[in-house]
Amino acid sequence: MASNEFQPLQGMSDINAPEIYIWRMIEEKARTIFNSYGYEELRTPVLEKLSVFKRSIGDTTDVVKKEMYAFKPGKHDIAMRPEGTAGTIRHLAGRGEEGLNARVFYIASMFRYERPQAGRKRQFHQIGVEATGEANPLADAECIALQQHLLEEWGLHGSKIQISTRGMPSDRKPVADGLRAALQPHLAELCDDCQRRIDENVLRVIDCKNESCQKIVDQIPTAIEFMSEGSRTYLDQVIQALEIMDIEVEVNPKLVRGLDYYVHTVWEITHGALGAQNAIAGGGRYEIALGKKAVPGVGFAMGMERVITSLEACGITADQFAPKGGVWLVSLGEAALAENMKLARKLRAKGVRCGMELEVKSMKAQMRKANRSGAEKAIIRGEDELAAGTVVVKDMNEGSQEELSLEDVIRDA
RNA sequence: GUGAUUGUAGCUCAGUUGGUUAGAGCGCCUGAUUGUGGUUCAGGAGGCCGCGGGUUCAAAUCCCGUCUUUCACCCCA
C-alpha cells in the first residue's frame with residue numbers, strides 16, 4: 001500500500017486498467033441502447049447553484065442537509081451535484097417547450113460527503129435518464145423496461161425490481177396521518193429510532209430494518225391504502241403496462257424513496273451481491289418546480305460501482321473486455337528499430353493495434369512483451385529481413401512463422 | 001456524525017512473549033552457446049513496516065494522535 005501522499009481522498013478512487021475496461025463496456029452498451037430508445041446525451045456542469053438542489057431534492061433531506069460538498073468561492077452558494085436529476089431538469093427547464101418533452105441521459109460523477117462503506121463512495125458514478133412530459137403511466141413502464149434492457153445487455157442476472165407509488169402531493173398528508181394513527185396503538189413496541197421517526201418522517205418507520213417494527217408495520221394498512229383513487233389507478237396502469245411487456249416486478253408498498261421530488265411511481269432494483277446498500281438503481285416519476293415552471297418527468301439512476309460489483313458476482317469481470325489482438329513489432333538492431341517505427345505508423349494508420357519496444361533489447365525480452373500484450377502476431381525484423389525487404393510473421397497462438405514481403409504484410413493488415 | 005476494523009515489496013499476505021542484516025508466493029528484470037514468447041530452472045532488483053509523537057538499552061511489534069481501508073448505523077445509487 002502506498003503512503004497517503006499518493007492516495008486519493010477518502011471515499012474516492014482512481015479507476016485504471018484493467019478495471020477501466022468493464023466501465024467502458026458498460027458505458028458503450030448503455031449509449032447504444034439509449035440511442036435506440038431516442039435518448040440524447042447531456043453533460044451538465046458538476047457545480048450548480050446550491051438552490052438548484054435545495055428546491056428539487058428538498059432542503060430537509062439528508063442528501064442536501066448533510067451530504068453535499070457545498071461552498072461559496074464568490075458571491076453565490078454552490079455545490080457539487082449529489083445526483084443527476086436536479087441539474088438535468090434545470091437545463092431542460094431552460095429550453096422552453098422543447099425541454100418539456102425531451103429524453104436525455106447522462107453518465108457522470110456524483111459527490112456526497114458520507115462515510116464510505118460497501119457500495120458507497122464520496123465520488124461515485126451514475127448512469128441515468130430523464131424523460132420529461134405529461135405524466136403518463138406508459139412512460140414510467142417504458143423507463144423500467146429500458147432499465148431492465150440495460151441490465152440484460154450487460155449480462156447482469158439475479159436482480160429484482162420493486163415498485164411502489166409515492167402518490168400525488170395531495171396524498172402526502174392523508175398518508176402520513178393515516179400511518180401515524182395506525183401506528184399509535186403500537187407506539188411503545190417500536191424501536192427508539194422509530195419513536196422519533198413517527199413524527200419526523202413516518203415513512204421511514206415503514207422500511208425500518210428492525211424485526212419487531214416490521215411485525216407492527218405488517219399489521220397496519222400500507223401507505224398506498226391511504227392514497228386517493230387516482231394515485232392507486234395510476235400505479236395499476238403502470239403495473240398493467242409492465243405485464244404487457246412481460247417484465248417481472250414485485251409490488252412493494254413498503255418501498256420508500258426519500259427525495260422530495262417524487263410523485264406517483266417509484267422503484268428500486270436490488271441485487272444480492274451487494275451489502276447493506278443493496279440497490280443498484282432507483283427511479284421514479286417526479287415533478288420539479290423551477291421558477292414558475294413545474295417540470296414533470298420520469299427517470300432513473302444506476303450506480304455504476306454497484307452495477308460492477310453485481311456483474312462481478314455474475315462472473316463478468318474487467319479482463320474479459322481488455323483490448324487484445326493486433327501485432328507486436330520485434331526489432332533486432334538499431335536499423336530495424338527505425339524501420340519498425342515507420343511500419344508501426346502505417347499499421348496504426350490502418351487501425352491495427354500495434355506495439356513495439358522503443359529501445360534495442362534482446363529478442364527474448366521483446367517476445368515476452370509480445371506475448372503479454374495479447375498480440376495475435378509478432379512481426380520480426382533484423383538485418384537479413386531489412387536487406388531482403390521481408391518480415392517474419394509469427395502466429396503467437398500456433399507458434400508457426402513464415403517470411404513474407406513487407407508490402408504484402410502492410411496491404412493485408 | 002456514531003460504533004467497529006485495517007495499514008509490512010507492484011499485488012496477496014507471513015512476521016512468535018518488544019531483541020541483531022524484515023520474509024514468502026505471484027509479478028518484474030537478467031540468464032540457461034549466435035535471432036524466438038507462453039512451461040521449467042538459476043540468479044537479481046525492489047520496503048521512511050501509512051504518517052507524527054511517546055515509552056524503552058532496544059519498536060513493524062507497546063501507548064497516544066492523525067490519515068487511510070473495510071464494515072454497520074443514519075441516509076442513499
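Protein chains get the first letters and strands the later ones, always in sequence-line order, with residue 1 at the start of each. Remember, it's a predicted structure, so these values are computed and weren't measured experimentally.
Note on A/A279: only backbone sugar-phosphate atoms sit closer than 4.0 angstrom, heavy atoms only; bases stay farther off. The residue A/G11 sits close only to the backbone: its heavy atoms come under 4.0 Å of sugar-phosphate atoms, none of a base.
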I'd like a table of atom pairs between the protein and nucleotides 33-35 of chain B - only N or O on both sides, under 3.5 Å - with the distance next to each one.
{"from": "B/G35", "atom 1": "O6", "to": "A/D384", "atom 2": "OD2", "distance (Å)": "2.9"}
{"from": "B/G35", "atom 1": "N1", "to": "A/E385", "atom 2": "OE1", "distance (Å)": "3.1"}
{"from": "B/G35", "atom 1": "N1", "to": "A/E385", "atom 2": "OE2", "distance (Å)": "3.0"}
{"from": "B/G35", "atom 1": "N2", "to": "A/E385", "atom 2": "OE2", "distance (Å)": "3.1"}

Could you run down the sub-3.5 Å N/O contacts of the protein with nucleotides 27-30 of chain B?
{"from": "B/C28", "atom 1": "OP1", "to": "A/R372", "atom 2": "NE", "distance (Å)": "3.0"}
{"from": "B/C29", "atom 1": "OP1", "to": "A/R372", "atom 2": "NH2", "distance (Å)": "3.4"}
{"from": "B/C29", "atom 1": "OP2", "to": "A/R372", "atom 2": "NH2", "distance (Å)": "3.2"}
{"from": "B/U30", "atom 1": "OP2", "to": "A/R368", "atom 2": "NH2", "distance (Å)": "2.9"}

Quick one: which protein N/O atoms are closer than 3.5 Å to N/O atoms of nucleotides 45-47 of chain B? Pair and distance per line, please.
none

>> Using ring-ring contact (aromatic ring centres under 6.0 Å, His included), reason through A/F321 and A/Y21 one step at a time and then give a plain yes or no.
In response: CA-CA 5 Å; A/F321 305 99; A/Y21 298 123; 9.0 Å; no
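Going from the C1' atom of B/G10 to that of B/C28 covers 8 Å, rounded to whole Å. Comparing the P positions of B/U2 and B/C63 gives a spacing of 22 Å, expressed to the nearest Å. Here, B/U21 and B/A58 have their P atoms 15 Å apart, quoted to the whole Å. If you take atom C1' in B/G37 and the same atom in B/C49, they sit 37 Å apart, rounded to whole Å. When the P atom is compared between B/G47 and B/U8, the two are found 15 Å apart, to the nearest whole Å. One C1' atom belongs to B/U5, the other to B/A45, and the distance between them is 35 Å to the nearest Å. Distance check on atom C1': B/A60 versus B/A42 gives 32 Å, rounded to whole Å. Taking atom C1' on both nucleotides, B/U34 is separated from B/U40 by 23 Å, rounded to a whole Å.
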> So what does the secondary structure string of RNA chain B come out as, 5' to 3', with Watson-Crick or wobble pairs under 3.5 angstrom, [ ] for crossing and | for pairs with another strand?
Replying inline: ((((..(..((((.....[...)))).(((((.......))))).....(((((..]....))))))..))))....
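Between A/L146 and A/Y39 the shortest side-chain heavy-atom distance falls below 4.5 Å. Side-chain contact between A/T165 and A/R232 is absent, with no heavy atoms from C-beta onward closer than 4.5 Å. Side chains of A/E130 and A/Y286 form a contact here, defined as non-hydrogen atoms less than 4.5 Å apart. A/Q320 has its side chain out of reach of A/M25: every pair of non-hydrogen atoms, C-beta onward, lies at least 4.5 Å apart.
At a cut-off of 3.5 Å, with distance as the only test, a side-chain donor of A/Q277 or A/Q117 sits close to an acceptor on the other residue. For the residue pair A/T309 and A/E312, no side-chain donor N or O sits within less than 3.5 Å of a side-chain acceptor on the partner. Donor-acceptor pairing under 3.5 Å is recorded for the side chains of A/Q214 and A/K254.
Each of A/L274 and A/M302 was matched to the nucleotide of RNA chain B holding its nearest heavy atom; the match closer to the 5' end belongs to A/L274.
Remark: P of B/A77 and CD1 of A/I280 are 13 Å apart, rounded to the nearest angstrom. One atom, CG of A/D192, and another, C1' of B/C73, lie 13 Å apart when rounded to the nearest Å. Counting to the nearest Å, the P atom of B/G38 and the CD atom of A/Q366 are 14 Å from each other. Here the P atom of nucleotide B/A77 and the CZ atom of A/F53 are 14 Å apart, to the nearest Å. Atom pair A/Y286:OH and B/A77:P shows a separation of 13 Å (rounding to whole Å applied). Rounded to whole angstrom, the span from the CZ atom of A/F6 across to the P atom of B/G50 amounts to 15 Å. Distance CH2 (A/W328) to C1' (B/U36): 15 Å, rounded to an integer number of Å. Between A/E305 atom CD and B/U70 atom P the separation is 12 Å, expressed in whole Å.
Phosphate contact (OP1/OP2 of B/U68, side-chain N/O of A/Q10, threshold under 4.0 Å): present. Remark: A/R197 is not in phosphate contact with B/C73, judged by side-chain N or O atoms under 4.0 Å from OP1 or OP2. Dashed line: the shortest gap from a side-chain N or O of A/K209 to OP1 or OP2 of B/C73 is under 4.0 Å.
In this structure, the side chain to side chain donor-acceptor pair (under 3.5 Å) partners of A/R103, at least two apart in sequence or on a different chain, are A/E142. In this structure, the side chain to side chain donor-acceptor pair (under 3.5 Å) partners of A/E305, at least two apart in sequence or on a different chain, are A/H125. Residues meeting the side chain to side chain donor-acceptor pair (under 3.5 Å) test with A/R43, sequence neighbours left out: A/E41. Every residue was checked against the side chain to side chain donor-acceptor pair (under 3.5 Å) condition with A/E152, not counting sequence neighbours, and none meets it.
Annotation: side chain to side chain donor-acceptor pair (under 3.5 Å) contacts involving residues 402-413 of chain A, sequence neighbours excluded, comprise A/T390-A/E403, A/S405-A/D408, A/D408-A/R411.
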In residues 326-337 of chain A, what donor-acceptor pairs under 3.5 Å come from side-chain atoms, sequence neighbours left out?
{"from": "A/S331", "atom 1": "OG", "to": "A/N340", "atom 2": "ND2", "distance (Å)": "2.9"}

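Scanning atom types as modelled, no donor and acceptor separated by under 3.5 angstrom connect the side chain of A/K364 and the base of B/U36. Residue side chain A/N371 does not reach the base of B/G38 through any donor-acceptor N/O pair under 3.5 Å, judged by distance alone.
If you run side-chain contact (heavy atoms from CB on, under 4.5 Å) between A/P137 and each of A/R285, A/Q237, A/H264, only A/Q237 comes through.
Residues from residues 102-124 of chain A lying near RNA chain B, meaning a heavy-atom separation below 4.0 Å, are A/R112, A/E114, A/R115, A/P116, A/Q117, A/A118, A/G119, A/R120, A/K121, A/F124 in numerical order. Within a heavy-atom distance below 4.0 Å of RNA chain B, the residues of residues 395-408 of chain A found are A/M396, A/N397, A/G399, A/Q401.
The neighbour count for A/M341 CE, taken as heavy atoms of other residues, nucleotides or ligands under 6.0 Å away, does not exceed 12.
Here the closest non-hydrogen pair linking A/G87 and A/V52 is N-CG1, 4.3 Å. For the pair A/A279 and A/E268, the tightest heavy-atom approach, listed with the atom from each and the gap, is CB-CG, 3.7 Å.
When atom types are taken as modelled, the side chain of A/Q195 and the backbone of A/L187 share a donor-acceptor pair closer than 3.5 angstrom. Side-chain N or O atoms of A/R348 include one that pairs as donor or acceptor with a backbone N or O of A/C354 at under 3.5 Å.
Salt-bridge formation is detected for the pair A/E339/A/K342: a Lys NZ or Arg NE/NH1/NH2 atom is positioned less than 4.0 Å from an Asp or Glu carboxylate oxygen.
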